[in-house]
Amino acid sequence: MSIQQNFQRIEAQLASSQCRLITVTKTQPVEALLEAYAAGSKCFGENKVQEMATKYEQLPKDIEWHLIGHLQSNKVKFIASFVSLIHSVDSLKLLQEINRQALKNDRVIDCLLQMHIAQEETKFGLSETEAKSLLQSTELAELTNIRLVGLMGMATNTRDTEQIRQEFRALKQSYDELSSLTQRANIAFRELSMGMSGDYSIAIAEGSTLIRVGSAIFGDRK
């Protein structure tokens, strides 16, 4: 199937849900991104800052750019002027740097807290206890140029669909608990980013509002 057909097939699956599709464009050439754009995709997700910044310069400016990969503090400045949502925030230090760079660009940058839900040590993320502590910290309250709008998580890379379902369900429970925890101007939970090409159908069923899909649209990376 073509990029257009794949994109439209997944969009059709989302029609009866509250979930949106992020087209994961990492390692894909600009030509492929333009094909996805022509099919109707206006929300792109990138893992690496430099790749995202380069593509931003080459593509239409009505695209919504999401940083979905691990973000180092010293790289924030390269995307602060245009990034729509940063999915991968896993520390107060990173939030403070995002706030600094957002202030320089006269913006408020939306962010998600990345939660560790997989049974894999290699994945980044906070525990629910760590997230709760961050949300209630006095340091967070001082950051007026960021807004925490929800959570992100990656399930274990496994064929066990029941394990994946349980991990997504636990993340949704964390979302529900943390979203009612505190009322602050820079906290406004509305997004739960979970589900990728291999497990997005499960994620939708478990309450995801954002799925991150690449290979199911572009085909397997060479």
Side-chain angles (χ1 to χ4, degrees), residues 1-47 51-52 55-56 58-69 82-88 110 112 114-115 117-118 149-176 179 188-222:
M1 295 176 77
S2 68
I3 291 172
Q4 178 179 7
Q5 289 170 321
N6 286 334
F7 173 78
Q8 292 175 344
R9 172 178 54 82
I10 297 170
E11 282 283 276
Q13 289 178 258
L14 297 176
S16 60
S17 75
Q18 299 297 311
C19 190
R20 292 190 297 140
L21 169 61
I22 302 167
T23 302
V24 177
T25 52
K26 63 179 183 179
T27 76
Q28 297 295 336
V30 168
E31 293 75 20
L33 273 64
L34 286 170
E35 193 173 337
Y37 179 85
S41 178
K42 299 294 189 291
C43 182
F44 290 170
E46 284 284 338
N47 273 48
E51 187 174 353
M52 188 164 103
K55 288 174 177 175
Y56 169 77
Q58 297 175 295
L59 289 161
K61 295 301 177 278
D62 61 339
I63 292 170
E64 190 178 303
W65 289 94
H66 291 227
L67 195 284
I68 60 175
F82 68 89
V83 67
S84 292
L85 180 61
I86 298 173
H87 290 231
S88 46
D110 287 344
L112 303 179
Q114 181 171 353
M115 306 294 287
I117 62 170
V149 297
L151 307 179
M152 182 270 264
M154 290 186 286
T156 302
N157 183 13
T158 176
R159 293 181 183 275
D160 185 345
T161 56
E162 189 54 36
Q163 179 180 341
I164 293 169
R165 186 178 302 281
Q166 291 303 321
E167 289 172 356
F168 285 155
R169 190 165 292 173
L171 182 57
K172 177 61 164 65
Q173 289 172 349
S174 292
Y175 174 91
D176 290 340
S179 63
F189 274 29
R190 61 174 182 267
E191 302 288 10
L192 181 56
S193 173
M194 60 184 190
M196 300 188 293
S197 287
D199 56 25
Y200 69 82
S201 295
I202 301 172
I204 295 167
E206 294 302 326
S208 179
T209 68
L210 295 168
I211 55 171
R212 313 178 300 274
V213 180
S215 59
I217 294 173
F218 295 104
D220 292 331
R221 284 184 288 277
K222 303 293 188 291

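FYI, side chains are in, hydrogens and waters are out, and symmetry mates aren't considered; it's all heavy atoms of this structure.
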Under the side chain to side chain contact (heavy atoms under 4.5 Å, CB included) rule, what do T23 and F218 come out as? Steps first, then yes or no, please.
CA-CA 9 Å; T23 302; F218 295 104; 3.5 Å; yes
Just verifying a value: how many Å separate [X] [atom1] and [Y] [atom2], rounded to the nearest 0.5 Å?
{"X": "L21", "Y": "Q13", "atom1": "CG", "atom2": "CD", "value": "10.0 Å"}
{"X": "E51", "Y": "T27", "atom1": "CD", "atom2": "OG1", "value": "6.5 Å"}
{"X": "L210", "Y": "H87", "atom1": "CG", "atom2": "NE2", "value": "5.5 Å"}
{"X": "E206", "Y": "S201", "atom1": "CD", "atom2": "OG", "value": "12.0 Å"}
{"X": "H66", "Y": "R212", "atom1": "NE2", "atom2": "CZ", "value": "11.5 Å"}
{"X": "I22", "Y": "S193", "atom1": "CD1", "atom2": "OG", "value": "5.0 Å"}

For [X] and [Y], work out which heavy atoms get closest and say how close.
{"X": "G150", "Y": "Y175", "value": "CA-CE1, 4.2 Å"}
{"X": "S179", "Y": "F189", "value": "CB-CD2, 3.4 Å"}
{"X": "S197", "Y": "A216", "value": "OG-N, 3.1 Å"}
{"X": "I211", "Y": "M194", "value": "CG2-O, 3.6 Å"}
{"X": "I204", "Y": "C19", "value": "CG1-SG, 4.2 Å"}
{"X": "R165", "Y": "A205", "value": "NH1-CB, 4.2 Å"}

Would you tell me whether T209 and E191 have side-chain atoms, one donor and one acceptor, within less than 3.5 Å of each other?
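T209 vs E191: donor-acceptor pair found between side chains.
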Could you tell me whether R159 atom CZ has more than 12 heavy atoms of other residues or ligands within 6.0 Å of it?
no
Heavy-atom count check: over 12 atoms from other residues, nucleotides or ligands less than 6.0 Å from Q58 CD?
yes
[X] side-chain N/O to [Y] backbone N/O, donor-acceptor pair under 3.5 Å:
{"X": "N6", "Y": "I3", "answer": "no"}
{"X": "K55", "Y": "T25", "answer": "yes"}
{"X": "T156", "Y": "T158", "answer": "no"}

So which of R169, M154, E167, Q166 actually passes side-chain contact (heavy atoms from CB on, under 4.5 Å) with I117?
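So, applying the side-chain contact (heavy atoms from CB on, under 4.5 Å) to I117 and each of R169, M154, E167, Q166, only E167 qualifies.
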Tell me which pairs pass side-chain hydrogen bond (donor to acceptor under 3.5 Å, both in side chains) where either residue lies in residues 31-40, with sequence neighbours left out.
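Non-adjacent pairs meeting side-chain hydrogen bond (donor to acceptor under 3.5 Å, both in side chains): Y37-D62.
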Starting from the C-alpha separation in whole Å, work towards a yes-or-no answer on side chain to side chain contact (heavy atoms under 4.5 Å, CB included) for Y56 and V83.
CA-CA 9 Å; Y56 169 77; V83 67; over 6 Å; no
Tell me, please, which residues at least two apart from Q5 pass side chain to side chain contact (heavy atoms under 4.5 Å, CB included).
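Listed in chain order: M1, S2.
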Side chains of F82 and M52: closer than 4.5 Å at any heavy-atom pair?
yes
Under the side chain to side chain contact (heavy atoms under 4.5 Å, CB included) rule, what do I86 and D110 come out as? Steps first, then yes or no, please.
CA-CA 7 Å; I86 298 173; D110 287 344; over 6 Å; no
